[in-house]
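No experiment lies behind these values; they were computed from the predicted model shown. Lettering follows sequence order; numbering is per chain, from 1.
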There are 2 protein chains.
Amino acid sequence: MSQIQEIADVLKLLGDKNRLTIVALLKERELCVCEIVDILQTSQPNISQHMRKLKDGGLVKETKKGQWVYYALHIQDKPYVSEILKHIPSQKEQLKPVRCEDNECCT
Amino acid sequence: MSQIQEIADVLKLLGDKNRLTIVALLKERELCVCEIVDILQTSQPNISQHMRKLKDGGLVKETKKGQWVYYALHIQDKPYVSEILKHIPSQKEQLKPVRCEDNECCT
DNA sequence: TTTATGTATAATCAAATAATTATATATTTA
DNA sequence: TAAATATATAATTATTTGATTATACATAAA
């Protein structure tokens, strides 16, 4: 696949408000699915499917920790994504200070 | 509309290979529709509709010059678009050295 | 004033997409 | 082992999207 096609595919992934917000949130720290569901106020399967697209597109990596699945940004090989994220308003205030496995933030 | 939604909308516009290529071409110089049709090897109505979307999204400006319509990049207010374009392979070699109104490049 | 050229618009269609609902799987806890 | 929790997958649906075809409009040339 051409390089321009690959970039277009990544931009299409980011061209959805929910996914762009997720990626902006992940800039702060890794997050589990339940946190993202909580913040974006949508259904768990909806987020799960967005995460699969982001994973298939190589933008995030997943790590299982007990019953939780954490997703982290993986954009070291895509500098233009970092540049985009610099121009997105911070989503930090939407995050709780601790992670799910360290607290009962999701219940 | 939220700022993140506006950025997502722009990224969605750029998340199409044809439109991303057009924008990358326009980085070199303004172009008329017939040149873009010629380079992208697709139909004139197809390009015309992509240009309308880009125009509606505020990414390009049009200028009529006789029977030709020229489109130019308009991204001064969207620095992240410039950053993206820096990471796209140059499309310069696809351009003819002169513009349509100065030659018969489209016939 | 025809004819040709460049572009836009409208209608149509197949494919892709985001979201919902229902269900399955995996892990933890009681 | 049974119930609860976290996540994934499958099926479905409504909407959007990119492209094509046909047609209209505007400008220029013959």
Side-chain angles (χ1 to χ4, degrees), chain A residues 4-5 8-23 26 30-57 60-72 96 99-107, chain B residues 4-5 8-23 26 30-57 60-72 96 99-107:
Chain A
I4 204 162
Q5 178 71 68
D9 288 344
V10 170
L11 295 179
K12 179 177 286 184
L13 278 176
L14 298 178
D16 172 88
K17 186 188 179 183
N18 279 337
R19 282 193 299 265
L20 188 61
T21 304
I22 290 168
V23 169
L26 292 178
E30 64 175 4
L31 295 170
C32 68
V33 175
C34 61
E35 285 180 283
I36 301 171
V37 169
D38 188 47
I39 294 170
L40 295 196
Q41 297 275 39
T42 180
S43 68
Q44 176 269 317
N46 188 19
I47 295 301
S48 211
Q49 287 173 143
H50 281 307
M51 297 321 292
R52 181 151 52 100
K53 289 187 182 181
L54 290 172
K55 191 175 65 170
D56 290 348
V60 303
K61 289 244 178 220
E62 73 172 37
T63 315
K64 295 198 176 182
K65 295 181 183 175
Q67 56 185 330
W68 291 283
V69 176
Y70 278 84
Y71 287 95
K96 300 231 173 99
R99 312 195 320 174
C100 281
E101 50 173 346
D102 302 327
N103 205 331
E104 300 104 54
C105 70
C106 295
T107 55
Chain B
I4 204 161
Q5 178 71 68
D9 288 345
V10 170
L11 296 178
K12 179 177 286 184
L13 278 175
L14 298 177
D16 172 88
K17 186 188 179 183
N18 279 338
R19 283 192 298 265
L20 188 60
T21 304
I22 290 169
V23 170
L26 292 178
E30 64 175 5
L31 295 170
C32 67
V33 175
C34 61
E35 285 179 283
I36 300 172
V37 169
D38 188 46
I39 294 171
L40 294 196
Q41 297 275 37
T42 181
S43 67
Q44 176 269 316
N46 189 17
I47 295 301
S48 212
Q49 287 172 144
H50 280 308
M51 297 320 292
R52 182 150 51 101
K53 289 186 183 182
L54 289 173
K55 191 175 64 171
D56 290 348
V60 303
K61 288 241 178 222
E62 74 171 38
T63 317
K64 294 198 176 182
K65 295 183 183 175
Q67 57 185 330
W68 291 283
V69 176
Y70 278 84
Y71 287 95
K96 301 230 174 99
R99 311 197 321 174
C100 281
E101 49 172 348
D102 302 328
N103 205 331
E104 300 104 54
C105 69
C106 295
T107 54

| request: Could you run through nucleotides 15-22 of chain C and give me one letter per nucleotide, 5' to 3': B if any protein heavy atom sits under 4.0 Å from the base, S if only the sugar-phosphate is that close, - if neither? | output: --SSBBBB
With a 4.5 Å heavy-atom cut-off, do [X] and [Y] have their side chains touching?
X	Y	value
B:Lys61	B:Lys55	no
A:Tyr70	A:Leu31	no
B:Leu26	B:Leu54	no

Between [N] ([atom2]) and [X] ([atom1]): distance, integer Å:
X	N	atom1	atom2	result
A:Asp56	D:dA8	CG	P	12 Å
B:Lys65	C:dT7	NZ	P	12 Å
B:Tyr70	C:dT7	OH	C1'	13 Å
B:Lys64	C:dT7	NZ	P	10 Å
A:Leu31	D:dA6	CG	C1'	15 Å
A:Ile36	D:dA6	CD1	C1'	13 Å
B:Glu35	C:dT7	CD	C1'	14 Å

| said: Can you tell me which nucleotide in D:dT7, D:dT27, C:dA8 comes closest to the side chain of B:Val69? | reply: C:dA8
| task | Would you name the heavy atoms of A:Leu13 and A:Arg19 that are closest together and state the gap between them? | result | O-NE, 2.7 Å
| field | Interatomic distance, A:Cys32 atom SG to A:Lys64 atom NZ [nearest 0.5 angstrom] | value | 14.0 Å
| said: Taking only side-chain N and O atoms of B:Tyr71, does any of them lie within less than 4.0 angstrom of OP1 or OP2 on C:dA8? | reply: yes
| Think A:Arg52 has a side-chain N or O under 4.0 angstrom from the OP1 or OP2 of D:dA8? | no
| Could A:Lys65 and A:Glu30 be called an ion pair, given the rule that one side-chain N must be under 4.0 Å from one carboxylate O? | yes
